[in-house]
> 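Handing you this structure, nothing more for now.
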Amino acid sequence: MFEAFLQGFSLLLRIDTYVYIAIGLTVGMFVGAMPGLTTTLAVAVLLPISFKLEPMVGIPFLIGLTKGGIFGGSISAILVGIPGTGASIATTFDGPALTRQGKGRKALEMALVSSVTGDLISDVITLSLIGPIALLTLLIGPPEVFAIIIFSLILISSVSSESGIKGGIAAFLGLGLGFIGTDATTGATRLTFGLEALNGGIPLIPLIIGVFAVPEILAAVESRAARFIDEHVDMSKVGDRLRWHELRGSIRTILRSTLIGTGIGVVPGVGQVVAAFVGYSAAKRASKHPETFGKGELDGIAGPEAANNAVNGPTLVPMLTLGIPGDNITAILLGAFVAHGMRPGPQIFQEQGPLMYALLLSFVIANVIFLILGYFLIKPFAQAMQMKKAYLLPLILALAFVGALSTGDTSDIGIMVVVGLCSYVLRKAGFDLAPLIIAFVLAEPIEYTLSQSLLYAHGSPFHYLFVGRPIASFFLVAGLIWITWMTVRTIIRRRRSKGASA
Amino acid sequence: MKTSVLRIAAAAPLLLLMVSGSLYAASYPDRPITLVIPLSPGGSHDLHARGITPELSKLLGQPVVVKFLPGGAGMKGTGFAAEAKPDGYTILFTHNYFDQMVPQTQKVPFDALKSFNTLARINYSQPMFMTRPGTPFKDLKGVVAHAKANPGKVTFGHSGVWGVMHTPMLQFIKAANIKVNFIPHKGGGPVLRALLASQDDVGGVFATQARPHFKAGKVIPLVVVGEKRIEGDPDFGGVPSMTELGYPTVTSTMDRIFMAPAGMAPDRLNKLRAAFDGLVKQQAVKDYIKNLGDEIKYMNGADYDALRPAKYETFTVLIKEMTAK
């Protein structure tokens with residue numbers, strides 16, 4: 001194995017691999033920064049280019065596209081509060097606030113450093129532990145996925161500062177929207193109100209654009225200010241870079257989120273969205289000043305960004321060792337492997353060891369290249385925010401429509417507009433819509449894994465759970481204990497404060 | 001005199017329009033053709049299309065642009081193609097379950113048989129039922145015996161309701177008169193994962209995906225769906241077929257088919273069908289599909305169209321029986 005590893009190194013001694021990684025990163029970043037133009041779309045469109053290249057160039061090119069695209073999604077999240085993908089929703093909690101304070105560039109650089117660090121460390125962990133991770137992924141079946149999602153939701157909601165009732169209503173709305181369409185376990189259509197456009201369910205991208213971009217644009221039109229950045233901010237300081245001491249302050253958060261992301265990456269079908277939310281919640285919980293979160297806190301960027309990128313390493317494992325993709329992007333990557341004549345599976349490291357190690361190492365190197373590229377490429381994005389709103393808003397609006405249409409279905413534009421107007425009203429009424437999106441994203445996996453688990457349980461769920469699935473039982477019990485502890489603690493505190501005031 | 005000049009003046013553009021119209025028809029296609037795939041990118045249809053579209057473009061003289069419209073058990077993309085103008089600029093790459101099965105199980109805005117014409121069947125894949133080390137059976141007979149002794153206990157993993165694995169499994173439990181516990185998964189990958197993780201006892205899998213795991217000894221093939229074995233397969237050539245084992249009604253394979261919305265001008269339909277006739281003879285296409293682990297098993301569009309009503313009817317009967325309980 002070590003010999004294959006060394007041979008892999010020699011395959012990396014070629015310049016075109018790095019040139020294509022850099023091209024992929026740059027293109028991905030620009031595509032991802034456009035609201036609605038997703039990484040998956042960019043990878044799917046540019047896949048044929050990679051077929052014409054050798055595997056050692058074509059596949060790193062796709063990896064570059066993916067990494068660039070995911071970061072691009074965070075750029076629009078930070079600057080205008082419009083997440084490019086589900087993974088960067090948690091980044092909108094602090095990003096736009098920082099931008100308004102004139103710290104947009106600092107936030108972008110914090111996102112870059114966190115993303116690259118999270119990805120790099122998780123890639124290294126994955127490379128060195130690929131065997132154990134492969135075994136672990138097989139231990140995680142439907143009941144475990146269900147338990148881990150529930151556990152994550154408990155963690156996330158326990159640090160949410162928003163009004164509990166309004167958050168709950170938003171989450172229920174999200175669940176309801178998520179259940180529209182074809183029931184995956186029975187094949188029946190439901191909640192479509194007879195509209196055939198809804199048979200396929202509500203697509204995520206038009207929903208994200210509707211929920212985030214449309215209200216953001218309308219709110220910006222409403223406010224009379226000429227720019228996005230607050231008027232009292234000293235414009236000469238707007239281009240300031242991230243300082244060393246600011247980065248040092250977030251190192252613990254970055255490392256914590258990296259571990260969280262790597263752990264969640266092992267769970268199939270949950271992925272980046274959950275990791276980002278859990279990373280954010282954990283950062284807030286550990287912070288000495290949790291009250292600054294949501295009002296423009298750099299740690300609030302580092303938390304989700306490191307976590308969602310740390311998912312990337314472990315999600316590659318089932319694709320490489322079993323030939324089973326974990327999400328859309330790894331599905332496309334698997335296609336690229338197959339088209340290049342490689343069939344990932346248990347023997348691929350024996351059959352094509354040097355090439356596989358070289359590819360994995362190129363993924364690691366892509367992070368370093370990204371750090372350097374990002375250092376130069378971030379500036380124009382940050383500067384765009386100094387444009388007058390009169391120019392910027394129509395541009396964002398046009399991109400929102402293009403983004404909704406990018407799925408290729410014109411009815412998606414209708415969905416975006418309807419969702420957008422409703423979201424605007426809800427926001428005006430003081431609703432935070434992040435719980436809506438996370439509930440929407442998780443509605444399907446929660447329902448699906450629960451119904452699968454119940455089918456496996458064959459009528460005796462408790463016996464199945466506690467005898468057959470120790471990992472799932474652990475997470476469910478841990479979640480219960482956590483809720484109980486939080487409730488007891490709140491009651492004790494209330495009593496104490498009452499006692500003190502009396 | 002004056003009137004005749006006017007008449008000519010009025011007729012001229014009309015004449016021009018007619019001429020250009022006939023020229024227009026003769027020069028089909030004169031703009032890019034959209035190929036709708038009602039599935040996610042990265043799957044076997046995507047990979048097939050990547051090898052087929054460049055050659056198809058060459059034969060037709062226009063680019064063929066792929067458009068993925070997954071969702072709604074394939075009905076989103078299928079509905080899109082059904083409602084497209086039958087002008088030869090929108091075609092569909094799908095499989096027989098989206099074409100003949102799913103439209104019968106949910107409300108769709110088109111008539112499955114009347115809305116499409118087949119352009120070509122590129123190939124078909126025979127699913128295999130596999131088990132894993134650690135189950136109490138080694139062959140199909142053992143599965144039947146075990147399921148008879150433990151009704152509803154043996155777990156059968158499939159890739160989705162009324163889909164490519166679920167359908168032959170339904171045909172099988174009907175033929176063998178057994179009850180099993182069906183577990184739906186989201187696609188073929190998760191079926192294989194559940195089998196490898198020892199969650200499911202039996203899984204429906206295709207040869208290409210199962211091959212590396214078979215070589216590693218992690219899966220045990222029980223039977224291949226259909227009349228014949230997978231001839232010439234180095235690993236699975238020896239797996240018995242359903243007909244051999246006494247279940248001749250378990251025949252449902254996955255046919256990869258190209259369709260066009262019905263009502264197209266005959267010259268365009270013929271041109272497209274002829275392009276596929278030529279396409280499958282090309283060595284580049286053959287090699288490409290072989291590289292994917294499949295092969296071309298061609299049937300021309302007219303022949304497949306003749307088979308569709310009977311295939312549709314088989315599914316109608318199956319659905320009726322399975323939903324009657």
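Chain naming here is simple, since letters A, B, ... match the order of the sequence lines and numbering starts at 1 in each. Please read these numbers as outputs of a predicted model, since none were measured by experiment.
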> Using every non-hydrogen atom in the two residues, find where A/Y448 and B/K186 come nearest and quote the distance to one decimal.
CE2-CG, 3.2 Å
> Taking B/A194, B/G152, B/G74 one by one, which has the highest count of heavy-atom pairs under 4.5 Å against chain A?
B/G152
> Write down the atom of A/V338, the atom of B/L292, and the distance for their closest heavy-atom approach.
CG1-CD2, 3.8 Å
> Does any non-hydrogen side-chain atom of A/Y456 lie less than 4.5 Å from one of B/N181?
no
> Does a side-chain heavy-atom distance below 4.5 Å link B/T155 with A/H458?
no
> Any idea which of A/S411, A/G468, A/S451, A/P346 has the most non-hydrogen atom pairs under 4.5 angstrom with chain B?
A/P346
> Using only atom types and a distance under 3.5 Å, with no angle test, would you say the side chain of A/Q452 pairs donor to acceptor with the backbone of B/P184?
yes
> Quick one: what part of A/T137 sits under 4.5 Å from any heavy atom of chain B, side chain, backbone, both or neither?
both
> Looking at CG of A/L334 and CG of B/L47, how far apart are the two atoms once the value is rounded to the nearest 0.5 Å?
8.0 Å
> Could you tell me if the side chain of A/P142 sits less than 4.5 Å from the side chain of B/Q199, heavy atoms only?
yes
> Using 0.5 Å steps for rounding, measure from the CD1 atom of A/I332 to the CZ atom of B/F68.
7.5 Å
> For chain A, which candidate among B/V36, B/I183, B/L192 shows the most heavy-atom pairs at distances under 4.5 Å?
B/I183
> Going by side-chain hydrogen bond (donor to acceptor under 3.5 Å, both in side chains), name the residues that satisfy it together with A/S50, two or more places apart in sequence or in a different chain.
none
> Test your reading of the model: is there a side-chain donor-acceptor pair from B/H213 to the backbone of A/L322, 3.5 Å cut-off?
yes
> Using every non-hydrogen atom in the two residues, find where A/L138 and B/L196 come nearest and quote the distance to one decimal.
CD1-O, 4.0 Å
> Which atoms of B/K215 are under 4.5 Å from chain A, going by heavy atoms: the side chain, the backbone, both sets, or neither?
both
> Just by modelled atom types, is the A/G141 backbone N or O under 3.5 Å from a matching donor or acceptor in the B/R193 side chain?
no
> Between B/D46 (side chain only) and A/G335 (backbone N and O only), is there a donor and an acceptor less than 3.5 Å apart?
no
> Tell me, which pairs form a side-chain hydrogen bond (donor to acceptor under 3.5 Å, both in side chains) where one or both residues lie in residues 34-44 of chain B, sequence neighbours left out?
B/S44-B/R256
> Atom NZ of residue position B/K148 - does it have more than 12 heavy atoms of other residues, nucleotides or ligands inside 6.0 Å?
yes
> Using every non-hydrogen atom in the two residues, find where B/P212 and A/Q347 come nearest and quote the distance to one decimal.
O-NE2, 3.0 Å
> Using heavy-atom distances under 4.5 Å, tell me whether A/I140 contacts chain B through its side chain, its backbone, both, or neither.
backbone
